[in-house]
There are 2 protein chains.
Amino acid sequence: MTDTGAPSASGRARITIREVASAAGVSVATASKALNERGRMMPETRQRVQDAARNLGFRPNAMAKALVHKRSFTLGLLTNDTYGRFTLPVAAGLSAAMADRGVSVFLCAIDDDPERARLNLEAMEDKQVDGLVMAGKRIDRALPIQFTALHMPLVHVNAACPEGGIGFVPDDEGGAHLATAHLVALGRRRIAHVTGPGGFAAVHLREAGWRRALAEASLAPPGEALLGEWSERFGYETGQRLFAAGGEQPDAVFCGNDQIARGLIDALTLQGLRVPEDVAVVGFDNWGLFAEATRPPLTSVDMEFKALGREAGLTLLDGIDGRTVAPGIRRRPCRLVVRRSCGGET
Amino acid sequence: MTDTGAPSASGRARITIREVASAAGVSVATASKALNERGRMMPETRQRVQDAARNLGFRPNAMAKALVHKRSFTLGLLTNDTYGRFTLPVAAGLSAAMADRGVSVFLCAIDDDPERARLNLEAMEDKQVDGLVMAGKRIDRALPIQFTALHMPLVHVNAACPEGGIGFVPDDEGGAHLATAHLVALGRRRIAHVTGPGGFAAVHLREAGWRRALAEASLAPPGEALLGEWSERFGYETGQRLFAAGGEQPDAVFCGNDQIARGLIDALTLQGLRVPEDVAVVGFDNWGLFAEATRPPLTSVDMEFKALGREAGLTLLDGIDGRTVAPGIRRRPCRLVVRRSCGGET
DNA sequence: CTGAAAGCGCTTACAG
DNA sequence: CTGAAAGCGCTTACAG
């Protein structure tokens, strides 16, 4: 341990291919070929070089490689989701899939600030990233970015995607259908829908999925979808209202997100209604924090953001490698995570 | 313009300094100096080069620069906090502060998996990052990483820090003191403490801060700190127990996190106690999701992770630039965010 | 089979 | 003041 302490790093400079070559008694060119399994050469020589590299702990300088290959094996992830609710799983899936392929991911947090977006975009261009993924908070809003003459492949995740672009979004309609059909299969007949504001495309897609599942079972919706906001408070208040009056009450509620579901369950509980016996409840998001904290634990639709991030990355690699990638939006299936709030399970 | 069309990106290759030089009618060397404000030269020449660069939209290739400077202007962020509760603000603060200085941050998500950690660490070395920040979930656990012969500066954030290392953590004791002293100042006299499991160092630090604030006000704790878990459920059950019996009840509760606080408030409300009139409640984390969803909204201690990320980055830059950085753990102040649950505010 | 040369895009002494 | 040369660490035709 030579610990110089002082400047930048500790210890001596990194091993270069030149040192490996001289240790193996070959030229740098030969060393390069040996290490990259390129061209033909005496197996013995190749082995000697590889041994030398291993002994010296040689790691090739990725920047030098990048310079000659014009390929940096890096990607940029731009996101305006500072909360991380959506982006974090996207980033995790992306980063994990890319790590296995030697690709590293730059994280650029742009809080809806166009100036910051521009700054980060320039940094990504300067750093010569091979591609970019733009991850957003909702499928009907683009990130605040000018894509004038972007010199690299690009994919959008959970965000609006410009004409001719490539996008990955969760299949909200399908997810809602999944949830509703599950309630139907459990014998529920009056399935209400309580959800977020009408300004969100996702709200209408989820409502459509709910309607389709009911229609397929020849059930009528017990009233219109109840649009409001994405909050516990709205779920709570709607729960109170919905079950206050006498008459025919819903025997299930499909909620547009987990927070609404949680508020609704609280309201039901306070009114002496039992979940799931009297009313089955399903949420959307599968946000562990909520889904597992409700009593009973909440059945919910998972949007599979991790898979979305992973697929976005792989698609980007396809584009980077020159394979043809069809433009358009890919809607990826959601997954229903069954817990106790919908009944029919332990 | 030989536009092969096929590989990697769309459109023509990027402008290089060579093209700028020839456009300005100077050598590449002169162009370089002109663009970097280096050496002396006729202002007229410098201007001509800079104009040419601007007109052509020249952006220097960061990898080429990195190669000669042995400085990549990149950092790696390794984290095992897949949930993102802690790491996300750290990442945001880090990334923002670094972006302003032309430094980009690689995100490496290692789910407590040593193999994945090693993989990412090697990628960071290959990519020649200038430094590394290790961000964790708790101050008393290190990330699953072997730091054998790491060739670069390193700082730890919200994680255990090895002997001689540099660490940034929130001042849990101080934060707890802040919260408790605030309750004291509002006239509360019987301030209980409900918190997480004893296995966490943070639990003991927060308890110590609570005790110190009480002692400073010559108040006795109304019983021992109540250790349990970091969950709403625990807060709820403890709230029931604590206020079920008659006798002298607390007039305030300082909770070890926001989830506990939320559960506790739910229990109090159900028992007909008013928050803050009967019992003032303060949480810890300032997790918007909870702090703003409780009724009333929750006063809470913010650990200022964004600032932590920022400072960690700046410190790393100091080390990279060869400035001396003292080893040791820096405890950074928390901030009390006052909402309605503690009373004394609108 | 192996190595010398040229080059990726940029910078930095060093001559002129 | 300006430019030719050498070099950062690696790879890739091209000779030998």
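Treat the numbers as computed from the prediction; the structure is a model and nothing was measured. A note on names: the letters A, B, ... follow the listed sequences, proteins ahead of strands, and every chain is numbered from 1.
Not one N or O on the side chain of A/T30 forms a donor-acceptor pair closer than 3.5 Å with the backbone of A/V26. Between the B/R101 side chain and the B/A97 main chain, a donor and an acceptor come within less than 3.5 Å of each other.
Across every strand in view, D/dA13 sits unpaired, with no contact that passes the Watson-Crick or G-U test at under 3.5 angstrom.
Considering only side-chain atoms of B/A64, the nucleotide from D/dT11, C/dC10, D/dC8 that sits closest is C/dC10. Among the nucleotides D/dC8, D/dA4, C/dC10, the one closest to any side-chain atom of B/A29 is D/dA4. The side chain of A/M42 sits closest to C/dT2 out of C/dT2, D/dG3, D/dT11.
B/V28 comes within contact range of at least one nucleobase, with a heavy-atom separation under 4.0 Å.
The gap from the P atom of D/dC10 to that of C/dC1 amounts to 25 Å, rounded to the nearest Å.
At a cut-off of 3.5 angstrom, the base of C/dG9 holds no donor-acceptor pair with the side chain of A/K70.
The aromatic rings of B/F106 and A/F106 sit parallel to each other, their planes meeting at less than 30°, with 60° as the upper class boundary.
Phosphate contact (OP1/OP2 of C/dC1, side-chain N/O of A/T45, threshold under 4.0 Å): absent. Regarding contacts with the backbone of C/dC8, every side-chain N or O of B/N61 stays at 4.0 angstrom or more from both OP1 and OP2. Close to C/dG3, at under 4.0 Å from its OP1 or OP2, lies a side-chain N or O of A/T30.
Closest-nucleotide positions on DNA chain D for A/K65 and A/R18 were compared, and the one nearer the 5' end corresponds to A/R18.
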Review point. So B/Q128 and B/R71, side-chain hydrogen bond (donor to acceptor under 3.5 Å, both in side chains) or not? Walk me through it.
Key: CA-CA 8 Å; B/Q128 309 276 123; B/R71 179 109 150 63; over 6 Å; no

